[in-house]
Amino acid sequence: KLGGRRTTTPYEDMHEVVRRAVRDLLADIEAPVDAAALAALIDRHWAASSLAELPMGAAYRALAEELTARFVDTRAEGGLAPGEVLSFPLAGAEIRVDIDYALTDGASFRTLRQIQTGHRRTTVMKGAAVMAPLFAVRHAAPGCGAELIFLSDGERERLALNDKDLAKRR
């Protein structure tokens with residue numbers, strides 16, 4: 001066996017509960033979500049996680065509810081469309097990127113969004129994993145915007161590079 005941690009932390013488990021709840025909400029993207037429905041969704045995923053048995057679980061539960069509610073709030077920003085898988089070629093390979101959902105504003109501009117449950121970090125924003133959605137959108141859905149939603153911060157980051165910087169990153 002190689003070294004490394006084999007078990008997840010409660011913090012990581014909480015983020016997984018949020019990811020599962022968000023996936024369920026994305027599966028029926030236009031369904032209205034009230035407080036009771038959101039609580040029931042979190043209840044279901046919480047009960048299936050190891051957090052349900054921890055004495056400190058209530059603190060994590062409140063955070064999971066807050067992050068999931070932030071996602072629900074982002075859905076109210078425009079017309080919604082289900083996500084899709086986009087791809088782009090890179091060094092002879094096809095890179096596939098999961099777009100969680102699309103948002104259309106009043107002027108019919110489409111923004112393709114990817115959800116991150118964690119915080120926006122400067123180091124992360126410079127990484128290849130963050131640029132993959134931008135490359136995919138520019139290649140497979142030209143004319144659309146690309147955004148990352150950081151639920152822990154309640155922030156959104158529009159992804160953009162000028163053509164010169166984009167060429168350097170490929």
Side-chain angles (χ1 to χ4, degrees), residues 4-86 96-106 109-134 136-137 141 144-160:
R5 186 171 22 138
R6 298 284 183 244
T7 59
T8 58
T9 66
Y11 186 73
E12 292 168 324
D13 292 339
M14 181 274 304
H15 278 277
E16 186 57 30
V17 167
V18 173
R19 280 189 284 276
R20 289 179 180 164
V22 166
R23 264 195 306 270
D24 283 358
L25 291 166
L26 288 168
D28 192 5
I29 200 158
E30 298 212 18
V33 180
D34 59 16
L38 190 57
L41 179 63
I42 295 293
D43 282 344
R44 185 164 39 99
H45 291 294
W46 197 261
S49 80
S50 60
L51 292 168
E53 300 167 10
L54 293 179
M56 64 189 164
Y60 288 106
R61 168 69 188 244
L63 186 53
E65 289 172 350
E66 181 180 342
L67 296 181
T68 308
R70 285 182 183 165
F71 168 70
V72 171
D73 291 345
T74 70
R75 296 171 15 139
E77 297 173 359
L80 301 173
E84 55 191 288
V85 177
L86 301 179
R96 297 170 51 90
V97 177
D98 290 325
I99 299 298
D100 292 316
Y101 69 103
L103 187 76
T104 305
D105 67 13
F109 181 75
R110 282 186 77 209
T111 300
L112 305 179
R113 289 180 160 180
Q114 197 174 57
I115 302 297
Q116 305 287 320
T117 60
H119 293 282
R120 182 202 180 280
R121 301 198 192 290
T122 302
T123 53
V124 170
M125 293 307 297
K126 294 179 180 178
V130 169
M131 289 297 110
L134 178 59
V137 168
C144 292
E147 286 183 349
L148 294 179
I149 306 298
F150 294 93
L151 297 179
S152 289
D153 300 319
E155 303 269 331
R156 106 177 106 234
E157 181 78 23
R158 182 169 288 283
L159 302 177

Student: Please collect all ring pair (Phe, Tyr, Trp, His ring centres under 6.0 Å) contacts where either partner lies in residues 64-84, sequence neighbours excluded, each pair once.
Tutor: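 Pairs touching residues 64-84 that pass the test: Phe71-Tyr101.
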Student: Taking side chain as C-beta onward, heavy atoms only, is Arg113 less than 4.5 Å from Thr74?
Tutor: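 The answer is yes; the side chains approach within 4.5 Å.
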Student: Quick check on side-chain contact (heavy atoms from CB on, under 4.5 Å): which of Leu151, Val72, Thr117 does Val22 satisfy it with?
Tutor: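 Option passing the side-chain contact (heavy atoms from CB on, under 4.5 Å) with Val22: Leu151.
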Student: Identify, with sequence neighbours excluded, every residue that meets side chain to side chain contact (heavy atoms under 4.5 Å, CB included) alongside Glu16.
Tutor: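 Applying side chain to side chain contact (heavy atoms under 4.5 Å, CB included) to Glu16 gives Arg19, Arg20, Arg23.
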Student: Could you tell me whether the side chain of Ile99 reaches within less than 4.5 Å of the side chain of Val85, counting heavy atoms only?
Tutor: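 They are not in side-chain contact.
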Student: Would you please name every residue forming a side chain to side chain donor-acceptor pair (under 3.5 Å) with Asp13, sequence neighbours left out?
Tutor: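 For Asp13 the side chain to side chain donor-acceptor pair (under 3.5 Å) partners, ignoring immediate neighbours, are Thr8, Ser50.
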Student: In a table with atom names and distances, give each donor-acceptor pair under 3.5 Å that connects a side chain of residues 31-38 to protein atoms at least two apart or in another chain.
Tutor:
from	atom 1	to	atom 2	distance (Å)
Asp34	OD1	Ala36	N	3.3
Asp34	OD1	Ala37	N	2.7

Student: Got a sec, which residues hit side chain to side chain contact (heavy atoms under 4.5 Å, CB included) with Gln114, two or more places apart in sequence or on another chain?
Tutor: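 Only Val97, Asp100, Gln116, Pro133, Leu148 meet the side chain to side chain contact (heavy atoms under 4.5 Å, CB included) criterion with Gln114.
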Student: Please find the pair of heavy atoms, one from Leu41 and one from Ala21, that lie closest to each other, and give the distance.
Tutor: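 Answer, listing the atom of Leu41 first, then Ala21: CD2-O, 3.5 Å.
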Student: Side-chain donor-acceptor pairs under 3.5 Å in residues 59-67, sequence neighbours left out?
Tutor:
from	atom 1	to	atom 2	distance (Å)
Arg61	NE	Glu65	OE2	2.7
Arg61	NH1	Asp43	OD1	2.9
Arg61	NH2	Asp43	OD1	2.5
Arg61	NH2	Glu65	OE2	3.1
Glu66	OE2	Arg70	NH2	2.5

Student: What are the two closest non-hydrogen atoms of Ala47 and Ala52, and how far apart are they?
Tutor: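 Looking at all heavy atoms of both residues, the closest pair is CA-CB, 4.2 Å.
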Student: Name all residues meeting the side chain to side chain donor-acceptor pair (under 3.5 Å) criterion together with Arg75; count only those two or more places apart in sequence or in a different chain, and write none if there are none.
Tutor: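 Applying side chain to side chain donor-acceptor pair (under 3.5 Å) to Arg75 gives none.
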Student: What residues, two or more places apart in sequence or in another chain, satisfy salt bridge (Lys or Arg N to Asp or Glu O under 4.0 Å) together with Arg110?
Tutor: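 Only Glu84 meet the salt bridge (Lys or Arg N to Asp or Glu O under 4.0 Å) criterion with Arg110.
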Student: Tell me which pairs pass salt bridge (charged side-chain N to carboxylate O under 4.0 Å, His left out) where either residue lies in residues 44-53, with sequence neighbours left out.
Tutor: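 Sorted result for residues 44-53: Asp24-Arg44.
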Student: Test of understanding: with salt bridge (Lys or Arg N to Asp or Glu O under 4.0 Å), list the residues that count as partners of Arg96, not counting sequence neighbours.
Tutor: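 None.
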Student: Apply side chain to side chain donor-acceptor pair (under 3.5 Å) to Glu155 and list each qualifying residue two or more places apart in sequence or on a separate chain.
Tutor: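 Partners of Glu155 by the side chain to side chain donor-acceptor pair (under 3.5 Å) criterion come out as none, since no residue qualifies.
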Student: What pair of heavy atoms forms the shortest contact from Gly145 to Val137, and how long is it?
Tutor: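 Closest approach of Gly145 to Val137, heavy atoms only: O-CG1, 3.9 Å.
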Student: Return each pair, listed once, that meets ring pair (Phe, Tyr, Trp, His ring centres under 6.0 Å) where at least one residue sits in residues 7-50; pairs must be two or more places apart or across chains.
Tutor: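 Residue pairs with at least one partner in residues 7-50: Tyr11-His15.
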Student: Once you round to the nearest 0.5 Å, how far does CG of Leu134 lie from CD of Glu147?
Tutor: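 Those atoms lie 12.0 Å apart.
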